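Everything on this sheet refers to the single structure shown next.
These figures come from a predicted structure and were not determined experimentally.
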Amino acid sequence: MKRWFRQHVDAVYERLLSREIAGAPTHVAVIQDGNRRYARQNGGDAHDGHRAGAETTERVLEWCQDIGVEELTLYTFSTENFERADEENEALFDLLCDKLYEFADADRVHDNDVCIRVIGETEMLPDRVRDAVDYAEGKTQGYDQFVLNIALAYGGRSRLLEATRGVAHDVEAGELDPDEIDVETIEQRLYDQPVRDVDLIIRTGGAERTSNFLPWHANGNEAAVFFCTPYWPEFSKADFLRGIRTYEHRAESWRRTRARRALALLGAVSETELTEAQSIVNRFRDSLPTGERPHEDDVDAAAVHESDDAGGTDGDSLDSSSRAAD
């Protein structure tokens, strides 16, 4: 009776959360924490926890596709995990092989055009895992509707370090002008295929840290972060939807802040910056509270007024830095 009641409450809560969600992040990254603690809690060994976690992974993949997420990255095995007992890692590697082959041959993967990619220092992995990686990537490389990134032997800092070394090598070889180095220069050297900026990081297991996960794509994009206490095998659809709701609140706050900044800038920028500020206000006007929301004609009038002032009919025009100081 108690179990039935719990399931009923969970189902009602899921429906409520689903109605509250208006959109979905493009790229969700998940730190799957708590498999071993879940196993100990339930009287099993680490392998039992990893196998239960793999079942959760399959459910999360379906939830992402249901709400319109386009890319999912799973932090499955870090470079630090090599320090664990060989017996545990070997069992996990066997499970990874089984799941990679299973996913690569699954009808739902091919029916939904899921592209499987592995990111990380794959040369550190056993041969059998690399063979499974090659098989999964080869079977799905032509798909582009949904991307599943599996982070294996992954370390965010090491990836950035290797990308930086690659840039330095190209500069030294005369193949790259230092003045031409930009964001894309680094991104092209991080992974074989482009990875979208991360919109939301989810971490299970109760820890509140991102553990060096996708630092370039998450920090640079000011990703929302959702920490929750359930161990990965216990992670539910309600937990997932709560994470999506966190992203929506973070995105709404970001839009509101951009609109407020742009409004403040309209009276303190040079003519060349007016178009951008006006565009931001018009784009994010609806995210502001009603009392702060300017009329479109007021925004246009402010831009015209600022443009006239910048023209300097009496020769006393100010540059943007002087105007901001005043």
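By the neighbour-count criterion of 12 heavy atoms within 6.0 Å, atom CD of Glu175 is densely surrounded, having more than that number from other residues, nucleotides or ligands. Within 6.0 Å of CG in Asp86 there are 12 or fewer heavy atoms belonging to other residues, nucleotides or ligands. Other residues, nucleotides and ligands contribute only 12 or fewer heavy atoms inside 6.0 Å of the CD atom of Glu87. Within a 6.0 Å radius of CD in Glu123, other residues, nucleotides and ligands contribute more than 12 heavy atoms.
Under the 4.5 Å side-chain criterion, counting only non-hydrogen atoms from C-beta, Asn112 is not in contact with Tyr143. Inter-residue side-chain proximity for Glu208 and Arg203 is flagged as unmet; no heavy-atom pair is nearer than 4.5 Å. Annotation: side chain of Lys139 is not in contact with side chain of Phe103 (no heavy-atom distance under 4.5 Å). Under the 4.5 Å side-chain criterion, counting only non-hydrogen atoms from C-beta, Arg242 is in contact with Asp239. The side-chain heavy atoms of Glu88 and His50, taken from C-beta on, include a pair separated by under 4.5 Å.
Shown here are the ring pair (Phe, Tyr, Trp, His ring centres under 6.0 Å) partners of Tyr38, two or more places apart in sequence or in another chain: there are none. Qualifying side chain to side chain donor-acceptor pair (under 3.5 Å) partners for Thr229, counting only residues two or more places apart in sequence or in other chains: none. Listed by chain and number, the residues in a side chain to side chain donor-acceptor pair (under 3.5 Å) with Tyr231 amount to none (sequence neighbours excluded). Scored by the side chain to side chain donor-acceptor pair (under 3.5 Å) test, Asp179 finds no partners at all (sequence neighbours excluded).
Side-chain contact, Gln193 with Glu137: no donor N or O sits under 3.5 Å from an acceptor N or O.
In this structure, Asp113 contributes its side chain and Asp144 its backbone to no donor-acceptor pair below 3.5 Å. A donor-acceptor pair is defined here as one N or O able to donate and one able to accept, closer than 3.5 Å; such a pair exists between the side chain of His110 and the backbone of Ala104.
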Original post:
How far apart are the C-alpha atoms of Glu121 and Thr79, what are their side-chain angles, what is the distance that settles it, and do they pass the side chain to side chain donor-acceptor pair (under 3.5 Å) test?
Top reply: CA-CA 8 Å; Glu121 313 299 328; Thr79 51; over 6 Å; no
Original post:
Can you list the steps and then say if Asn149 with Glu71 is a side chain to side chain donor-acceptor pair (under 3.5 Å)?
Top reply: CA-CA 8 Å; Asn149 300 312; Glu71 187 159 353; 2.6 Å; yes
**OP:** Could you give me the CA-CA distance, side-chain angles and deciding distance for Val133 and Leu96, then say whether side chain to side chain contact (heavy atoms under 4.5 Å, CB included) is met?
**Re:** CA-CA 9 Å; Val133 167; Leu96 286 171; over 6 Å; no
**OP:** Please step through side chain to side chain contact (heavy atoms under 4.5 Å, CB included) for the pair Phe235 and Thr56, ending with a clear verdict.
**Re:** CA-CA 7 Å; Phe235 186 71; Thr56 301; 4.0 Å; yes
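Grouped with Ile31 in one hydrophobic cluster are Tyr75, Ile119, Tyr154, Leu160, Val167, Val171, Leu176, Ile181, Val183, Ile186, Leu190, Tyr191, Val195, Val198, Ile201, Phe213, Leu214, Trp216, Val225, Phe227, the linkage being side-chain heavy-atom contacts under 4.5 Å among Ile, Leu, Val, Met, Phe, Trp and Tyr residues.
Look at Glu162 and Arg159 and you find no salt bridge, because none of the NZ, NE, NH1 or NH2 atoms lies under 4.0 Å from a carboxylate O. The pair Glu90-Arg128 meets the salt-bridge criterion, with a side-chain N (NZ, NE, NH1 or NH2) lying under 4.0 Å from an Asp/Glu carboxylate O. Using a cut-off of 4.0 Å between Lys/Arg side-chain N and Asp/Glu carboxylate O, Arg51 and Asp48 are scored as not salt-bridged.
For residues 53-67, the set of pairs meeting the salt bridge (charged side-chain N to carboxylate O under 4.0 Å, His left out) definition, not counting sequence neighbours, comprises Glu58-Lys99, Glu58-Arg108.
Classified by interplanar angle (parallel below 30°, tilted 30° to 60°, perpendicular above 60°), the ring pair Phe77/Phe82 is perpendicular.
Summarising the geometry, atom OG1 belonging to Thr26 is positioned 6.0 Å from atom OH belonging to Tyr247; distances are rounded to the nearest 0.5 Å.
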